[in-house]
Amino acid sequence: MAIYFTRALESMSKQVVDRKRDLLRTLSYTAINVESSDNPREGGRHSLRDVDPKILSDLVREKSFESLAQLGGIKQIASNLMTNLENGLSGDETDLTHRTNLFGPNKYNKPPAKSFLSFVLDAFKDLIIIILIACAVLSLAFGIKQHGLKEGWYDGGSIIIAIFLVVIVSAVSNYKQGRQFLKLSKESSNIKVEIVRDGRRQPISIFDIVVGDVVYLKIGDQVPADGLFVDGHSLRVDESSMTGESDHIEADSENPFLLSGTKVIDGYGRMMVSSVGMNTAWGEMMSSVSRDLDEETPLQARLNKMTSFIGKVGVSVAVLVLLVLMIRYFTGNTQDDAGQREFTSGKTKSGAVIDAVVRMVAAAVTIVVVAIPEGLPLAVTLTLAYSMKRMMGDNAMVRKLSACETMGSATTICTDKTGTLTLNEMRVTELCMGKEHVSVDESREIAAGIVEVLLQGIGMNTTGSVHMQPSASVPEISGSPTEKAILSWGVSELGMTMDKLKQEWEIIQVEAFNSEKKRSGVAVRRIGEQALHVHWKGAAEMILALCSDYYSQSGMVNVMNDEAQSDFGAIIKNMADKSLRCIAFAYKKIDGSLAQVHGKLEEDGLTLLGIVGIKDPCRPGVRRAVSACRSAGVNIKMITGDNMRTARAIALECGIFNHDEDLEHEAIVEGVQFRNYSPEQRTAAIEKIRVMARSSPFDKLLMVQCLKQKGHVVAVTGDGTNDAPALKEADIGLSMGIQGTEVAKESSDIVILDDNFASVVTVLRWGRCVYNNIQKFIQFQLTVNVAALIINFVAAVSSGDVPLTAVQLLWVNLIMDTLGALALATERPTNQLMLKQPIGRTEPLISRVMWRNLISQALYQVVILLTLQFKGSSIFGVDKKVRDTIIFNCFVLCQVFNEFNARKLEEKNVFKGIHKNKLFLGIVSITIILQVVMVEFLKKFANTVRLNWEQWGACIGLAALSWPIGWLVKCVPVSGKNLVFYYKND
């Protein structure tokens with residue numbers, strides 16, 4: 001009993017000292033009222049080590065009211081956790097570390113990442129690789145048997161080494177991309193939450209939350225851990241992610257349990273964290289779920305279909321080549337290196353026959369390897385991974401891979417105004433009291449009676465907070481930008497003291513801000529009195545419609561007749577024309593026994609207190625960004641909750657409208673007007689609409705659906721919970737990283753980290769770059785595929801000999817698949833991309849321009865190499881071995897030079913900006929160096945012989961001709977080519 005009493009005494013004395021900072025220290029004692037209890041543990045707060053994490057975990061997970069009662073209720077649990085429900089934890093690092101050690105971090109154990117060995121094994125599972133390995137093993141076995149170990153291992157061993165090289169390079173590439181996707185996944189799960197520590201409201205990472213923290217919750221937030229409701233109003237959560245039930249649960253003192261991972265869909269409140277990380281049901285569930293890094297994007301699906309088709313053609317050609325080779329061999333029409341007939345019935349040994357068959361099968365399989373453009377999916381992966389990494393540096397975090405490529409096809413961007421087109425740095429710049437304009441600096445001269453009531457409306461009807469640090473001269477204000485602007489005005493110009501208001505008034509009921517009504521309300525009562533004061537704040541014209549009276553500047557109450565309504569309407573329009581957001585304050589006093597709230601707050605018979613105009617300047621560079629989109633053929637539609645005049649003024653300022661355009665009709669509509677159109681009217685009007693004012697989230701969703709029906713590829717920005725349906729419906733959902741709720745972010749494909757429209761345009765540029773880079777690689781690889789197939793097929797049918805061996809074709813495959821993909825996938829976006837029309841939904845993957853380039857280069861390579869095949873020996877005066885080496889060398893160098901051609905699909909100058917892509921130059925250099933090594937030093941491995949300077953010069957000269965051919969071909973016009981439309985900008 002003595003020990004427990006001492007602990008309780010120490011704990012309670014600390015509470016008194018914390019609460020009364022100005023405690024008189026001259027006395028030798030402190031008097032504390034200690035409540036007696038039969039249970040020695042009650043009435044005192046014991047060590048955190050005495051708290052059982054499992055009991056707290058089961059309490060919320062099972063929603064056990066019995067356990068809650070046994071633990072003494074929320075206040076007793078807070079006392080046990082040494083938490084001050086008003087001021088939160090102290091924020092002391094030692095205490096936070098101690099809590100993390102005791103209760104665990106707010107993180108869940110993720111499934112182990114895929115190891116490098118797994119990627120290697122995946123690469124070996126490829127059917128073509130398996131067949132090649134089988135051929136290589138047979139070739140190795142018969143080679144050693146026929147020629148001995150010293151000479152016989154070359155053919156089979158060379159193929160095995162080449163296979164391993166291809167597999168390892170592919171595995172390394174996929175492993176690196178997998179690691180990068182995991183890193184981005186971790187970034188996307190690192191959300192910010194608001195807590196109170198040491199009396200100060202502050203944002204922290206969800207991973208830094210500890211048991212005992214007091215967390216602020218508002219609409220759109222994800223509940224960051226299991227916890228208990230402390231206080232709040234109209235707080236409702238969606239528990240479908242945890243329970244599967246679609247009903248929304250109201251959290252209050254009667255039902256205080258809040259589950260981690262659920263979403264706040266209405267109201268606001270505070271909760272105390274009781275369990276974190278793996279001690280929550282959400283943590284256990286997420287630890288067993290891993291993000292699918294093999295997500296197939298639409299473009300990859302299209303490429304896989306194309307790869308499958310080309311593969312079938314390649315297999316058909318390979319089978320035909322195999323049949324021709326076997327027929328020629330078994331009919332005695334082939335000769336060995338000594339010029340002797342290879343097969344003679346009854347004389348040729350079975351080992352030699354099997355060795356020859358294996359060699360022919362290996363050649364046919366290798367043709368399939370080269371024919372199948374397996375590098376296309378890899379090219380997409382590399383391009384997406386590279387783009388995602390670069391976009392992160394450009395303030396865009398990709399949550400869904402397909403969004404990168406789809407953004408390149410966007411034809412319309414539906415954007416919010418606040419924080420996206422504007423800076424989201426709001427301040428009150430104009431004030432109307434009665435029918436008169438009042439300077440913001442003269443706010444204190446307003447009649448005292450009005451100021452008192454107005455301060456109630458500012459300080460009590462808000463989701464923001466004002467915190468004054470003991471050592472600070474300026475208070476710390478938190479909340480939404482609009483709330484912060486109003487609170488700042490109340491504190492600095494009207495002398496509002498938030499703590500005093502909260503001590504004198506109690507909140508009876510709250511109606512949180514609603515995007516449909518565009519207003520919020522609160523009913524308050526002065527402590528000790530019966531009368532209720534109902535305060536409303538919101539869109540000026542909507543509040544004005546609810547008012548039957550208004551205050552004059554002198555404090556007199558006047559009737560709101562038609563003339564007064566008209567005058568106030570004109571004032572609101574005047575403010576809106578200056579691109580100000582107009583917020584009105586109104587209230588109603590209910591006396592005596594009628595002072596009860598039944599259901600909803602009263603909205604009629606209000607008295608107008610005043611109207612404020614809030615300025616939110618346009619972002620620097622937004623006009624330039626809008627102009628860039630319009631030049632790129634992308635329509636910009638602004639969707640805002642502001643009134644028509646404010647929306648028009650902002651649209652003019654941002655360049656969405658031009659001054660010479662008709663702004664009165666069709667180009668700007670209100671949400672209700674758009675909503676009430678018939679489907680036919682909506683379809684007819686959608687192309688002309690530039691701005692939708694006074695819109696609701698449903699209007700935004702309706703616009704997206706209508707645009708998609710018209711064939712548009714739609715990108716939508718959103719930050720609120722109610723924007724989630726539109727973000728999901730759009731082809732590309734773009735949520736805001738700063739102002740966006742967690743619900744909005746989870747519904748989106750890309751998070752714009754700085755909430756800036758210029759970053760949206762950057763995403764558009766990268767989207768086009770991704771698509772363009774993939775097209776470059778398709779052109780490059782298909783040129784090689786077509787050339788290799790035709791050369792091997794014609795040579796096999798005509799002479800029974802395949803000029804390119806298995807090892808040589810695997811080397812070409814390595815150049816194409818990995819090195820080529822890496823070189824062409826890392827081109828950065830250029831301004832030229834923003835001068836083209838959008839690709840749209842139905843544009844073919846291989847354009848006419850690509851066919852023109854591809855056919856011309858493939859035709860040139862086929863002509864050159866077949867000429868060398870049939871006339872090379874006589875032209876150069878060399879034997880078959882040297883001729884085949886020249887063919888192989890010339891073929892590889894043609895691909896190196898054609899890689900430069902592939903950089904620009906339409907531009908004649910293929911070297912433009914090449915100095916900026918160091919990786920491209922590095923890969924080309926490495927390819928050339930390795931080719932020299934293959935020819936000059938790895939003769940037995942690559943089945944080559946050394947070439948002299950003249951032969952090297954001839955190979956380089958023939959390959960270099962692809963540059964002037966590419967330049968000449970681009971002079972040939974292509975019918976059906978997309979035209980570039982330019983918009984006139986003032």
Side-chain angles (χ1 to χ4, degrees), residues 298-299 302 379-380 383-384 386-387 390-391 394 396 402-413 624-637 655 687 707 710-715 731-732 757-780 824-854 901-914 916-917 966-967 969-985:
L299 183 57
R302 290 174 71 184
V380 176
T383 304
L384 292 175
Y386 175 77
S387 302
R390 291 292 184 181
M391 285 165 75
D394 288 337
S402 58
C404 286
E405 63 195 43
T406 310
M407 194 66 189
S409 307
T411 58
T412 302
I413 299 175
R624 187 167 59 251
V626 169
S627 176
C629 284
R630 296 179 70 180
S631 295
V634 179
N635 298 314
I636 306 296
K637 299 185 187 295
E687 300 287 359
L707 285 165
K710 290 273 287 184
H712 286 271
V713 178
V714 187
D731 296 288
I732 313 103
F757 184 76
S759 296
V760 176
V761 179
T762 301
V763 172
L764 178 65
R765 283 161 56 92
W766 272 110
R768 291 192 171 193
C769 181
V770 166
Y771 200 89
N772 191 247
N773 285 350
I774 290 167
Q775 282 190 314
K776 292 174 186 177
F777 182 71
I778 290 172
Q779 177 184 299
F780 170 69
L824 294 171
T826 53
E827 290 280 351
R828 301 202 67 170
T830 62
N831 292 329
Q832 200 68 25
L833 290 171
M834 296 298 283
L835 297 177
K836 298 178 181 179
Q837 287 293 288
I839 299 157
R841 292 185 188 278
T842 57
E843 191 77 16
L845 200 57
I846 305 177
S847 66
R848 295 186 181 187
V849 168
M850 291 169 66
W851 278 120
R852 179 196 65 189
N853 300 340
L854 188 158
N901 287 327
R903 288 189 68 244
K904 306 289 180 182
L905 297 179
E906 297 180 60
E907 290 181 59
K908 294 176 183 177
N909 183 6
V910 296
F911 305 106
K912 186 177 178 182
I914 199 168
K916 295 178 182 177
N917 195 341
W967 188 90
V969 165
K970 285 173 184 175
C971 295
V972 178
V974 177
S975 61
K977 177 183 168 184
N978 289 341
L979 299 174
V980 179
F981 293 91
Y982 295 90
Y983 287 85
K984 235 176 108 184
N985 291 302

Kindly indicate whether the side chain of [X], heavy atoms from C-beta on, has any atom under 4.5 Å from the side chain of [Y].
{"X": "H712", "Y": "E687", "answer": "yes"}
{"X": "W766", "Y": "M407", "answer": "no"}
{"X": "R828", "Y": "K916", "answer": "no"}
{"X": "S627", "Y": "R624", "answer": "no"}
{"X": "V714", "Y": "I732", "answer": "no"}
{"X": "Y386", "Y": "V770", "answer": "no"}
{"X": "N635", "Y": "R630", "answer": "no"}
{"X": "K908", "Y": "C971", "answer": "yes"}

Is it the case that over 12 heavy atoms from other parts of the model lie below 6.0 angstrom from the NZ atom of K912? no
Can you tell me if NZ on K710 sees more than 12 non-hydrogen neighbours from other groups inside 6.0 Å?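 More than 12 within 6.0 Å, yes.
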Has the side chain of [X] got a donor or acceptor atom that lies under 3.5 Å from a matching backbone atom of [Y]?
{"X": "K970", "Y": "E907", "answer": "yes"}
{"X": "K776", "Y": "A902", "answer": "no"}
{"X": "T411", "Y": "V713", "answer": "yes"}

With rounding to the nearest 0.5 Å, note down the distance linking [atom1] in [X] to [atom2] in [Y].
{"X": "M391", "Y": "C769", "atom1": "CE", "atom2": "SG", "result": "10.0 Å"}
{"X": "N773", "Y": "R903", "atom1": "CG", "atom2": "CZ", "result": "10.0 Å"}
{"X": "K637", "Y": "I413", "atom1": "NZ", "atom2": "CD1", "result": "12.0 Å"}
{"X": "W967", "Y": "N909", "atom1": "CH2", "atom2": "CG", "result": "11.0 Å"}
{"X": "T406", "Y": "Y771", "atom1": "OG1", "atom2": "OH", "result": "10.5 Å"}
{"X": "Q779", "Y": "I774", "atom1": "CD", "atom2": "CD1", "result": "14.5 Å"}

For [X] and [Y], which heavy atoms make the closest approach, and how far apart are they?
{"X": "A625", "Y": "A758", "result": "CB-CA, 4.1 Å"}
{"X": "V634", "Y": "A410", "result": "CG2-O, 3.6 Å"}
{"X": "A632", "Y": "P838", "result": "O-CD, 3.4 Å"}
{"X": "R768", "Y": "K836", "result": "NH1-O, 2.7 Å"}
{"X": "G966", "Y": "N901", "result": "CA-OD1, 4.5 Å"}
{"X": "V763", "Y": "A396", "result": "CG2-CB, 3.5 Å"}

Evaluate F757 against I636 for side-chain contact (heavy atoms from CB on, under 4.5 Å), listing each step before the verdict. CA-CA 11 Å; F757 184 76; I636 306 296; 3.6 Å; yes
Taking only residues two or more places apart in sequence, or in another chain, which ones meet N917 in a side-chain contact (heavy atoms from CB on, under 4.5 Å)? T826, E827, L919, F920
Take S759 and D394, measure what side-chain contact (heavy atoms from CB on, under 4.5 Å) needs, and give me the verdict at the end. CA-CA 7 Å; S759 296; D394 288 337; over 6 Å; no
Would E906 and V974 satisfy side-chain contact (heavy atoms from CB on, under 4.5 Å), going step by step from the backbone distance to the final call? CA-CA 10 Å; E906 297 180 60; V974 177; over 6 Å; no
Which residues satisfy the side-chain hydrogen bond (donor to acceptor under 3.5 Å, both in side chains) test with R852, sequence neighbours excluded? none
